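Note sheet for the following structure.
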Amino acid sequence: MVTFESFGLNEAVLKGIKDLGFEQPSPIQEKVIPYILENRTDMVGLAQTGTGKTAAFGLPMIQQIDTESRTTQALVLSPTRELCLQITSELKLYAANVRGMNIVAVYGGANIQAQAKDVKRGAQIIVATPGRLNDMIRRKLVDLSNVDISILDEADEMLNMGFVEEIDTILAETPATKQTWLFSATMPKEVENISKKYMTDPFRITVGNKNEGASTVTHNYYVVNQRDRYLALKRLVDAHPEIYGVVFCRTKAETQMVAERLIEDGYNAASLHGDLSQTQRDSVMKAYRTRQIQILVATDVAARGIDVKDITHVINYNLPDEIEIYNHRSGRTGRAGKTGVSLSIVTPRDQHRIKSIERIIKKKFIKLEVPTGMEVCESQLFSLVKKVQDVDVDEEQIAQYLPKVYEELGGMTRDELIVRFISIEFNRFLDYYKNARDINASGGRDGRGSANLKRMFINLGTYDGFEWNTLKDYLKDKTGLSRDDLSKVDVMGKFSFFTVLAENAPQVVEAFKFIEFDGRTISVEISDKPDKNTGGDRRSSGGGRDRRRGGDRGKSNFRGDRDRGDRGGRSEGRSDRPKRSSDRSDSRSGNSSDGRYDRKSSDKGRDGGSSFKKKFASKRSDRS
Ligand code: ADP
Ligand code: MG
């Protein structure tokens with residue numbers, strides 16, 4: 001195993017990494033760090049988003065700084081303010097044990113004089129956005145004549161944002177003898193060109209296929225008609241109650257619109273786009289990081305490179321125009337070895353583009369059906385069951401109320417109680433969704449029908465030590481199916497559900513006939529609820545299915561789940577939608593395995609969430 005220790009990094013830097021909990025270098029770090037430490041060189045580093053490029057250049061850069069001197073010796077250029085701040089705080093952590101190190105962020109939208117003062121105090125490393133740094137150069141607030149290392153981070157994005165001239169001017173202020181390192185997730189021709197322009201014979205380090213999506217990300221798509229896009233989004237969010245996601249839109253206007261509708265509909269959502277002031281963007285990001293916000297709706301530029309941990313889902317509200325962008329989007333999830341899901345909502349017309357994306361990212365998309373109303377209710381129900389299992393009970397505080405509670409409820413049977421408690425929340429979704437229509441667009445262009453799937457039940461769950469991914473492995477092992485043939489593994493306490501191709505269902509049942517777990521017989525059954533995501537036979541199979549009722553009645557009768565493009569429908573829809581106000585966020589803490597999240601979300605409570613929402617709920621009245 002390659003270790004950070006083997007690279008020749010000094011004690012102080014190693015301690016910083018250790019404190020951060022980095023155990024092993026990532027592949028790009030493994031290649032870049034020793035090379036840079038041993039060679040005085042220009043270099044190009046290409047690797048996917050989320051592979052640890054910041055540390056790849058940051059650690060050797062920090063080591064090469066002379067902290068006795070107060071001159072600016074290293075310059076990192078980054079495309080956006082958010083990234084600039086993110087890199088700065090990351091570098092500060094790496095250098096936490098290096099005495100006398102001064103790292104200063106220079107970016108637009110904040111007081112330039114204050115930044116200049118920080119720089120004057122002796123910033124050996126400046127992390128800057130090109131626009132603001134140029135400003136500083138013009139006003140002679142910064143001296144770059146001693147820069148020995150210049151770094152162009154996220155170079156492709158800096159070009160996309162049209163920073164070439166600024167970069168020209170900035171680099172002209174630095175000595176010709178410096179080293180230049182360029183890092184990028186993609187290598188379009190333009191980056192190739194500037195790498196020639198700014199560097200002499202750069203050493204090139206590529207890790208993986210630079211275009212390939214992370215292998216930890218699953219790609220799914222749904223086909224709906226244009227007018228049902230928003231409804232589809234809502235269903236996807238509702239069907240994943242624990243979602244912590246980013247919804248990508250193509251334009252600022254669309255971003256704003258989607259966020260507003262989500263907020264109106266009671267979700268913890270906010271928008272992030274270029275029209276917000278810097279202060280607003282900061283608050284949004286802060287709220288998102290601390291999980292006061294569950295769904296961030298963002299434009300590509302605004303969300304570029306943002307490193308938020310543990311994002312569960314990226315949702316493409318529509319497919320991006322450029323395939324490269326798809327990669328950047330889906331790279332927001334599945335980071336640092338975690339798994340993630342990238343969902344795309346496409347129209348029948350757009351469906352053919354999935355193929356081109358598949359070719360480039362070298363990964364297959366799975367076509368899924370937008371969950372039916374009843375499937376959403378099922379997800380919500382089991383999420384609730386899970387909450388009941390996981391909730392921390394404060395025995396001491398609750399004790400004083402218990403006698404009264406027992407007095408009131410003592411007459412009910414256990415079963416009655418369970419059903420009633422569960423119904424409190426479940427009813428909201430049921431009311432809203434029970435007659436929801438099927439919004440899957442029929443007949444896609446590429447003729448790729450969705451598979452005929454069966455939902456399976458198994459009597460193993462978290463009590464048996466399983467999580468969705470370990471259960472998936474276990475199922476794979478016992479049934480001989482591949483991971484791709486097993487989907488939607490939802491693990492409850494004592495049992496779980498998963499989905500397989502209908503043709504594989506009998507084989508799965510058979511496989512577990514004689515298998516025991518901890519001396520207990522394993523029971524696997526085809527769940528008699530509607531089989532999910534069925535293709536052609538949807539209408540003819542299974543009598544008495546809710547979905548069919550929904551499909552028939554939905555059009556004339558259902559009030560909430562309709563195209564809300566018309567104003568009349570909107571207010572009606574709002575009044576009968578399930579409330580997802582912030583009271584939901586304090587009860588969900590138990591579901592996270594991340595301790596930090598637990599603490600934060602309960603600290604903030606409902607007021608934090610709702611006042612935040614009010615602040616950004618924005619002026620929606622002008623929408624038509
Ligand atoms: P990139 O610039 O390639 O998109 P980042 O440098 O932003 O990626 O790193 C992504 C995340 O991975 C960051 O949160 C970072 O702290 C973390 N990380 C980087 N290197 C390691 C490592 N060796 N071990 C564990 N986590 C790491
Ligand atoms: Mg980066």
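Everything numeric here is computed off the predicted structure, so don't read it as measured data. Index from 1, following the sequence. Indexing begins at 1, ligand by ligand and atom by atom, following the structure's order.
- For ligand 1, the polar-atom distance check against Glu23 finds no nitrogen or oxygen pair separated by under 3.5 Å.
- On a distance-only criterion, Gln86 and ligand 1 share no N/O pair closer than 3.5 Å.
- Paired with Glu358 under the rule salt bridge (charged side-chain N to carboxylate O under 4.0 Å, His left out), one option of Lys364, Lys363, Arg353 passes, and it is Lys364.
- Residue-to-ligand polar distances place Gln24 within reach of ligand 1: an N/O pair is separated by less than 3.5 Å.
- Listed by number with element, the atoms of ligand 1 under 4.0 angstrom from any heavy atom of Gln48 are 3 (O).
- Short contacts between ligand 1 and Thr51, defined as distances under 4.0 Å to a heavy atom of the residue, involve ligand atoms 1 (P), 3 (O), 8 (O).
- Residues satisfying the side-chain contact (heavy atoms from CB on, under 4.5 Å) test with Arg99, not counting sequence neighbours, are none.
- Close to ligand 1: Ser26, with a non-hydrogen atom less than 4.0 angstrom away.
- Taking 4.5 Å as the limit, every side-chain heavy atom of Thr333 sits out of range of all side-chain heavy atoms of Thr312.
- In this structure, Thr41 and Trp181 approach most closely via the heavy-atom pair O-NE1, 3.1 Å.
- The pair Lys386-Asp490 fails the salt-bridge criterion, with no side-chain N (NZ, NE, NH1 or NH2) lying under 4.0 Å from an Asp/Glu carboxylate O.
- Residue Phe4 touches ligand 1 through its side chain alone, judged by heavy-atom distances below 4.0 Å.
- Between Lys53 and Glu90 there is no salt bridge, since no side-chain nitrogen of the basic residue lies less than 4.0 Å from a carboxylate oxygen of the acidic one.
- Considering Glu90, Lys53, Arg332 only, the shortest heavy-atom separation from atom 2 (O) of ligand 1 involves Lys53.
- Side chain of Gln124 to main chain of Gly100: a donor-acceptor pair is present (N/O by atom type, distance under 3.5 Å, no hydrogens or angles).
- Of the N or O atoms in Gly52, one or more lie within a sub-3.5 Å distance of an N or O in ligand 1.
- If you number the atoms of ligand 1 from 1 as listed, the ones under 4.0 Å from a heavy atom of Thr54 come out as 2 (O), 5 (P), 6 (O), 7 (O).
- Take the N/O/S atoms of Glu154: the one nearest the Mg ion (ligand 2) is OE2.
- In this structure, Asp153 contributes its side chain and Ser78 its backbone to no donor-acceptor pair below 3.5 Å.
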